[in-house]
Amino acid sequence: MKEAYEKLVIEGGYPLEGEVVINGAKNAAVAVIPAALMADGESVIENLPLIEDVFAMDDILLRLGAKIEYDNHSLKIDARNLHSYIAPYESVKKIRASYYLIGALLTRFGRAEVAMPGGCNFGSRPIDQHIKGFRALGAEVKIENGMIKAYADRLVGTKIYLDVVSVGATINLMLAAVKAKGTTIIENAAKEPHVVDTANFLNSMGAKIKGAGTDVIRIEGVDKLYPTKYAIIPDQIEAGTYMIAACATKGHVIVKNVIPKHLESLTAKLVEMGAEVITYEDSIEVICRGRLRSASIKTMPYPGFPTDLQPQMTVLLSLCSGTSVVTEGVWENRYQYVDELKKMGANIKVEGRVAVVEGVESLQGAEVVAVDLRAGAALIVAGLAAKGQTVIYNAKNVDRGYENIDSKLSKLGAKVSRR
Ligand SMILES: CC(=O)N[C@H]1[C@@H](OP(=O)(O)OP(=O)(O)OC[C@H]2O[C@@H](n3ccc(=O)[nH]c3=O)[C@H](O)[C@@H]2O)O[C@H](CO)[C@@H](O)[C@@H]1O
Ligand SMILES: C=C(OP(=O)(O)O)C(=O)O
């Protein structure tokens, strides 16, 4: 009988060798797609990753009345016949990014009813800053029966200071402010590459956004947004995952179609640990011929070390010589994968947001479960490096953020199959 979720089977111990082309950024794609709903016409988004989170967002758009058409990695979105401002639970619960429908539908219709979002479960993932911002812009917002209901006859620009640096709130409030009356200033804004990419997409639609990529974003409201054609940035987390896997397997990999600046915190850390990393204009070469040194990382908002690479990096640190310390500076409980790693021989002690990692000579293959997207990516890195066979259940979780990860790894010499 077919498993409820497909599993990945990995024969470990083969160094990754060769080139891998990185797809578009998941966290840019899931912001830009709903943003396209704000133009009454047909937009084209290029370089989209063909991943489960994008398909889940597509499903939401179809339920709202949009028409979509794929041509390889390009998506045409026709939002002319949008007929609903209600995004239902069964499609919204699959992804975290469904919260962007609130900002986009508020701007399009002046009203939005969106179920509470889903996404990776690592502790509470509040959206109070989103709601605080919508209310500051003049929207009435209430939560009823698990639905976020927002209404605004007219959104009016204002100054919003985010209590915490939040990617989602920063992007969502940009979506709500682009056609508000007057100017909106978002202070303590997130600076991630996908925040900048979404601002650039909105500006290509006729929005007037300045300062994205800094902690103060200024949005001058406009009367109309226009359909556009736009190619999103490459995925820094997909690229970083392959760079870490190259090191974990003592391999030699070139990740292509990347923006090296987006990976500077990882590149610097890998060099500190003893890997050879050569940066080119749109690719990065990683060479690792021996056991790396231990290091410490603390995940922080961009340009700090990205939390979405924390699980993968912890696997690499598990194989280094010496003791490493990992501090999760963004999420309260993002170590659920550690119990699975321990089944493979990792020596990790978790206290709250800190994990102390004692390096081991090698990991052993085991049967493990991918509890979420990056936990699954971490277990893949571990299985590639381990001695023997690793079976990863719930592998569909990995497909949320990685396009064709098994075939890409096979092309790099890994022995991996989906069963
Ligand atoms: C779809 C998407 O883009 N997901 C990314 C997004 O998630 P997401 O947008 O959920 O993450 P945020 O940047 O908002 O969260 C950062 C921190 O702020 C807190 N917070 C956030 C919002 C809020 O209203 N109140 C609040 O307290 C969170 O609990 C967390 O501690 O950024 C995270 C941090 O880079 C990444 O791990 C996710 O991959
Ligand atoms: C946490 C992640 O995704 P999401 O916020 O969509 O759950 C991630 O991409 O690592």
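Counting convention: from 1, in listed order, for ligands and their atoms alike. Predicted, not measured: the structure shown is a model, and the values here were computed from it.
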Heteroatom proximity flag, Val167 to ligand 1, N/O under 3.5 Å: yes
Salt bridge (Lys or Arg N to Asp or Glu O under 4.0 Å) assessment of Glu332 paired with Arg353: CA-CA 6 Å; Glu332 65 188 22; Arg353 288 184 178 233; 5.3 Å; no
Could you tell me whether Lys191 sits above the aromatic face of Tyr302, with NZ or CZ closer than 6.0 angstrom to the six-membered ring centre and within 45 degrees of the axis? no
Heavy-atom pairs closer than 4.0 Å: do any link ligand 2 to the side chain of Val30, the backbone, both, or neither? neither
Nearest-option assignment for atom 7 (O) of ligand 1, heavy atoms, candidates Arg125, Glu332, Arg96: Arg125
Among all the protein's non-hydrogen atoms, which is closest to atom 3 (O) of ligand 1, and how far away is it? Asn27 CG, 3.2 Å
Just jot down the side chain to side chain donor-acceptor pair (under 3.5 Å) partners of Thr299, sequence neighbours excluded, or say none. Glu328
Flag the pair Arg419 and Glu6 as a salt bridge only when some basic side-chain nitrogen lies within less than 4.0 angstrom of an acidic carboxylate oxygen. no
Give the residue, atom name and distance (to 0.1 Å) of the protein heavy atom nearest atom 24 (O) of ligand 1. Gln129 N, 2.7 Å
Taking only heavy atoms of Ser166 into account, list the atoms of ligand 1 that are under 4.0 Å away from them. 12 (P), 13 (O), 14 (O), 21 (C), 22 (C)
What protein heavy atom lies closest to atom 1 (C) of ligand 2? Include the residue and the distance to one decimal. Phe122 CZ, 3.4 Å
Arg334 and Asp372 ion-paired at < 4.0 Å: no
Nearest-contact summary for atom 34 (C) of ligand 1 - protein heavy atom, Å: Thr307 CG2, 3.9 Å
The atoms of ligand 2 lying under 4.0 Å from a heavy atom of Arg334, numbered in the order shown, are 1 (C), 10 (O)
Using non-hydrogen atoms of the residue, decide whether Ile95 is closer than 4.0 angstrom to ligand 2. no
At under 4.0 Å between heavy atoms, what of Asp308 touches ligand 1? The answer is side chain
Determine the interplanar angle of the Phe122 and Trp331 rings, folded into 0 to 90°, and report it as parallel if under 30°, tilted if 30 to 60°, perpendicular if over 60°. tilted
Taking 4.0 Å as the limit for heavy-atom contacts, which would you say applies to Tyr99 with ligand 1: side chain only, backbone only, both, or neither? side chain
Parallel, tilted or perpendicular: ring planes of His130 versus Tyr99, cut at 30 and 60 degrees: tilted
Does any N or O atom in Gly168 lie less than 3.5 angstrom from one in ligand 1, N or O only? yes
Looking only at distances, can you tell me whether any N or O atom of Val330, backbone or side chain, sits closer than 3.5 Å to an N or O atom of ligand 1? yes
Give a yes or no on whether a salt bridge exists between Glu187 and Lys159, defined as a side-chain N under 4.0 angstrom from a carboxylate O. yes
Starting from the C-alpha separation in whole Å, work towards a yes-or-no answer on side-chain contact (heavy atoms from CB on, under 4.5 Å) for Ile392 and Ile10. CA-CA 8 Å; Ile392 301 172; Ile10 301 173; 4.0 Å; yes
Restricting to side chain to side chain contact (heavy atoms under 4.5 Å, CB included), what partner residues turn up for Asn257, sequence neighbours left out? Val21, Asn47, Pro234
Determine whether any heavy atom of Ala190 lies closer than 4.0 Å to an atom of ligand 1. no
What is the closest protein heavy atom to atom 5 (O) of ligand 2, and at what distance does it sit? Arg125 NH2, 2.7 Å
Where does Arg334 meet ligand 1, judged by heavy-atom distances below 4.0 Å: at the side chain, the backbone, both, or neither? side chain
Output yes when Lys94 and Asp53 qualify as a salt bridge under the 4.0 Å nitrogen-oxygen rule, no when they do not. no
Which bit of Ala169 is near ligand 1, meaning a heavy atom under 4.0 Å away: side chain, backbone, both or neither? neither
List the closest protein heavy-atom neighbour of atom 10 (O) of ligand 2: residue, atom name, distance to the nearest 0.1 Å. Arg374 NE, 2.9 Å
I'd like to know if Asp399 pairs up with Arg418 as an ion pair, taking the criterion as any Lys NZ or Arg NE/NH1/NH2 lying under 4.0 Å from an Asp or Glu carboxylate oxygen. yes
Can you confirm whether Asp163 is buried at CG, in the sense that more than 12 heavy atoms of other residues, nucleotides or ligands lie under 6.0 Å from that atom? yes
Taking only non-hydrogen atoms of Leu373 and a 4.0 Å limit, the atoms of ligand 2 in range are 8 (C), 9 (O)
Please list the nearest protein heavy atom to atom 22 (C) of ligand 1 with its residue and the distance rounded to 0.1 Å. Pro126 O, 3.3 Å
Going by an N to O cut-off under 4.0 Å, is there a salt bridge joining Arg63 and Asp59? yes
of all protein heavy atoms, closest to atom 3 (O) of ligand 2 is Lys26 NZ, 3.0 Å
Checking the N or O distance criterion of under 3.5 Å, is ligand 1 in contact with Asp128? yes
Using the rule side chain to side chain contact (heavy atoms under 4.5 Å, CB included), only one of Ile405, Ile22, Asp308, Ile51 pairs with Glu238; which is it? Ile22
Can you tell me if Val165 contacts ligand 1 (heavy atom of the residue under 4.0 Å from the ligand)? yes
Which of the atoms of ligand 2 are close to Arg96, meaning less than 4.0 Å from one of its heavy atoms? 4 (P), 5 (O), 6 (O), 7 (O)
Residue and atom name of the nearest protein heavy atom (relative to atom 19 (C) of ligand 1), distance in Å to one decimal: Val164 CG2, 4.0 Å
Closer than 4.0 Å to some heavy atom of Gly119 - which atoms of ligand 2 meet that? 7 (O)
Ile127 neighbourhood, listing ligand 1 atoms whose heavy-atom distance to it stays under 4.0 Å: 23 (C), 24 (O)
Flag Trp331 as yes when one of its N or O atoms lies below 3.5 Å from any N or O atom of ligand 1, and as no otherwise. yes
Looking at Glu351, I want to see if its CD is surrounded by more than 12 non-hydrogen atoms of other residues, nucleotides or ligands under 6.0 Å. no
Given the ring of Tyr85, does Arg111 sit roughly above its face, with NZ or CZ under 6.0 Å from the centre of the six-membered ring and within 45° of the axis? yes
Near His130, which atoms of ligand 1 are under 4.0 Å from a heavy atom of that residue? 24 (O)
